Amino acid sequence: MAREFTSVGVVGLGTMGAGIVEVFARNGIDVVAVEISDAALDRGRANLTGSTDRAVARGKLTEADRDALLARVTFAVGLDALHSVDLVIEAVPEHLDLKQRLFAELDRVCKPEAILATNTSSLSVTEISVATARPNQVVGIHFFNPAPVMKLVEVVRTVVTSADVVADVEALCGRLGKVDVTISDRAGFIANALLFGYLNHAVDMFESRYATREDIDAAMNLGCGLPMGPLALMDLIGLDTAYEILDTMYRRGGRDRRHAPVPLLKQMVTAGLLGRKSGRGFYTYERPGSPKVVPDEQTPTTTEPAVSDAAVTKIGIVGSGTMATGIIEVFANAGYEVVSVTRGAEQSAKVFEAVQTSLNKGVVRGRLSEADRDAALGRINWSATLDHLADVDLVVEAVVEELSVKKALFASLDEICKPGVVLATTTSSLPVIEVAMATQRPADVVGLHFFNPAPAMPLVEIVRTIRTSAETIATAQAVSATLGKTGVVCGDRSGFIVNALLFPYLNDAVRMLEASYSTTDDIDHAMKLGCGYPMGPFELLDVVGLDVALAIQRELYLELREPGFAPAPLLEHLVTAGYLGRKTRRGFRDHTRR
Ligand SMILES: NC(=O)c1ccc[n+]([C@@H]2O[C@H](COP(=O)([O-])OP(=O)(O)OC[C@H]3O[C@@H](n4cnc5c(N)ncnc54)[C@H](O)[C@@H]3O)[C@@H](O)[C@H]2O)c1
């Protein structure tokens, strides 16, 4: 017969523990909440009341429900209070010896039939379980931060966990309104195994001054639709916890260098910069525990950019593909005069039609008046010769992604364009410095990496080569702002910010599938429900195209020679088989019937 869970114990009321208490108590289960000292208990109680008060303020919980929730919680110092609970879940710091000692103690204190669960993110549940005389009743119940909000729970079964324990815990997750995925005991389980390499890489970008914290976070937030950027997420997780998770994953997960914690992390932890919980991490918060970011010495000044784009009124756009078409629309819509240069009248007619259709959609959806549409179309001049770019103030190149073609084009632009003009390339994978050096004016050359579809995506990566001048960057920033886009500045490395952080994660998901650790559906669920991603990795790969993903991953691997970036063999095989994603109706999933 299935177990009844009428009362549970939670040990450790920090970032995770307090949230876990709230989840149980919200769902009518009595909770014994335990801490190590009176002071820690007070902090834990404050964590819980802070969170429930915010829920009341936001109208998500009535005052009566909050009071009932809090009445279900008994607070205590020491484990003795846990003698009669049906299940204990611990959320103490991520140290194996601490957790083993705690489990040995729980084994002595708790009734024999009680289930003992750990919320560890990366430690071996098996190693924790053998500290008890009941390893078959030990299981991982991995909640996500913030526990009351995130829907996913990873249930970790070891080789000795009883099937009925797993089944009862799964049923309990359902009662808590959570979606569970049950997996075996591997470092990082699903979500953290895919998340932490990415987070560590983002810290590395910040440490090496590749981009600012704001730009790294904005890039992933706006370029991928992630609920928060990686550095803001590190602050939410807690830098000490993140450090321990990375360190454990490095040691348990095959010593993948990408999990070796970036040195800056250790320094920040040592300096007491633990993230939100200490009031300062990558960002500064109003006070410890507060989610509100306040300005500090790294906050960019919000005054007008040093160079305005007043001198930029006429834009040349070269190319006739998807990106060129979108970019023409974006500039014309923002009030710039545009010269579109394609390879011939036929291409120009096609682009004109596509821009018109897209603007018409804007009119139908009420985003644009008919007069504005006509004015935007009227601002575009159509040409098939580069000579018409002699008097433009900025050129955006969006021709085929081939270095020789782009270099030849930039050499021609160098001949034709007036001095001081900014020459921009939209390349997503080629080194911008290569095209810059095809001209006599590399200081004026910059990358302007738009995202597809350009009219809708709010992000532009502004790529600074080692020769790009500060004025050129300032102009690119000012133009991005006029377009209503967020421009993030980064160095000239393969993948810039977004692709360099996104594609290795997608590749890791393919490796996880290849290793039969989990399924496409569970991995997609884990990232959507555990991390709030808009799409799971396999959904996204099928949309992006497996061939595109493979090409980008190869570039990253070639440039950085990072063994962990080597394309997953399964990805290569699917591409070879012609399973490229939605465009061929088959990728990781079969789209023929959808
Ligand atoms: N932070 C996250 O985003 C996250 C997400 C999922 C899982 N986890 C896991 O949850 C666990 C806790 O992490 P956290 O971020 O909440 O840590 P935290 O540092 O915020 O909180 C740990 C709490 O445990 C208490 N504690 C320490 N020793 C204790 C003991 N012997 N008995 C009782 N209480 C004790 C501390 O006083 C503190 O309040 C870790 O295993 C971590 O990997 C963390």
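Note that the structure is a prediction, hence the values are computed from the model and not measured. Ligands are counted one by one from 1 in listed order, and the atoms in each one are counted from 1 as well.
- Among all protein heavy atoms, the one lying closest to atom 1 (N) of ligand 1 is Ile237 O, 2.8 Å.
- Nearest-residue assignment for atom 24 (O) of ligand 1 (options Gly14, Pro93, Gly17; heavy-atom criterion): Pro93.
- Looking at Phe143 against ligand 1, only its backbone comes within 4.0 Å, counting heavy atoms.
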Practice item. Under the side chain to side chain donor-acceptor pair (under 3.5 Å) rule, what do Asp508 and Tyr198 come out as? Steps first, then yes or no, please. Key: CA-CA 10 Å; Asp508 285 346; Tyr198 147 72; over 6 Å; no
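- Residue Ile245 has no nitrogen or oxygen atom sitting less than 3.5 Å from a nitrogen or oxygen atom of ligand 1, judged on distance alone.
- Under a 4.0 Å N-O distance rule, the pair Asp256/Arg511 does not qualify as a salt bridge.
- Residues Cys490 and Asp215 fail the side-chain proximity criterion, which asks for heavy atoms closer than 4.5 Å.
- Checked against a 3.5 angstrom limit, the closest N/O atoms of Glu94 and ligand 1 fall inside it.
- The closest approach between Ala91 and ligand 1 falls below 4.0 Å for a heavy atom of the residue.
- For Tyr557, there are no ring pair (Phe, Tyr, Trp, His ring centres under 6.0 Å) partners, not counting sequence neighbours.
- Here is the list of ligand 1 atoms found below 4.0 Å of a heavy atom in His142: 6 (C), 7 (C).
- A salt bridge links Glu297 with Arg280; the closest basic N to acidic carboxylate O contact falls under 4.0 Å.
- Looking from atom 19 (O) of ligand 1 to the surrounding protein, the closest heavy atom is Lys277 NZ, 3.2 Å.
- When only interatomic distances are considered, the shortest N/O to N/O separation between Arg43 and ligand 1 does not fall below 3.5 Å.
- Contacts between Lys99 and ligand 1, counted as non-hydrogen atom pairs separated by less than 4.0 Å, involve the side chain only.
- Of the N or O atoms in Asp240, none lie within a sub-3.5 Å distance of an N or O in ligand 1.
- For atom 38 (C) of ligand 1, the closest non-hydrogen atom on the protein side is Glu35 OE2, 3.4 Å.
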Exercise for review: List the steps, then state whether side chain to side chain contact (heavy atoms under 4.5 Å, CB included) holds for Cys224 with Met535.
Suggested key: CA-CA 9 Å; Cys224 303; Met535 280 192 222; over 6 Å; no
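- Glu35 and Arg43 are not joined by a salt bridge, as no carboxylate oxygen comes within less than 4.0 angstrom of a charged side-chain nitrogen.
- For atom 11 (C) of ligand 1, the nearest non-hydrogen atom from the set Thr120, Asn47, Val92 belongs to Val92.
- Every atom of ligand 1 is numbered from 1 in the order shown, and the set under 4.0 Å from a heavy atom of Ala40 is 37 (O).
- Here Ser121 has heavy atoms under 4.0 Å from ligand 1 in both its backbone and its side chain.
- Atom numbering of ligand 1 starts at 1 in the shown order; those under 4.0 Å from a heavy atom of Val11 are 32 (N), 33 (C).
- When only interatomic distances are considered, the shortest N/O to N/O separation between Met16 and ligand 1 falls below 3.5 Å.
- There is no side-chain donor-acceptor pair under 3.5 Å between Thr52 and Glu22.
- No close placement of the Tyr505 and Phe196 rings is indicated, their centers lying 6.0 Å or farther apart.
- With ligand atoms numbered from 1 in the order given, ligand 1 contributes 1 (N), 2 (C), 3 (O) to contacts under 4.0 Å with heavy atoms of Asn145.
- In this structure, Gly44 has no heavy atom closer than 4.0 Å to ligand 1.
- For the salt bridge (charged side-chain N to carboxylate O under 4.0 Å, His left out) test, residues two or more places apart in sequence or in another chain that qualify with Glu562 are Arg257.
- Between the side chains of Thr158 and Thr161, at least one donor-acceptor pair of N or O atoms lies under 3.5 Å.
- In this structure, the ring of Phe565 has its center less than 6.0 angstrom from the ring center of His201.
- With a 4.0 Å heavy-atom cut-off, ligand 1 is reached by the side chain of Thr241 but not by its N, CA, C or O.
- Shown here is His525, whose NE2 atom has no more than 12 heavy atoms of other residues, nucleotides or ligands within 6.0 Å.
- Nearest protein heavy-atom contact of atom 10 (O) of ligand 1 is Asn119 ND2, 2.9 Å.
- Of the protein's non-hydrogen atoms, the one nearest atom 31 (N) of ligand 1 is Ile36 CD1, 3.7 Å.
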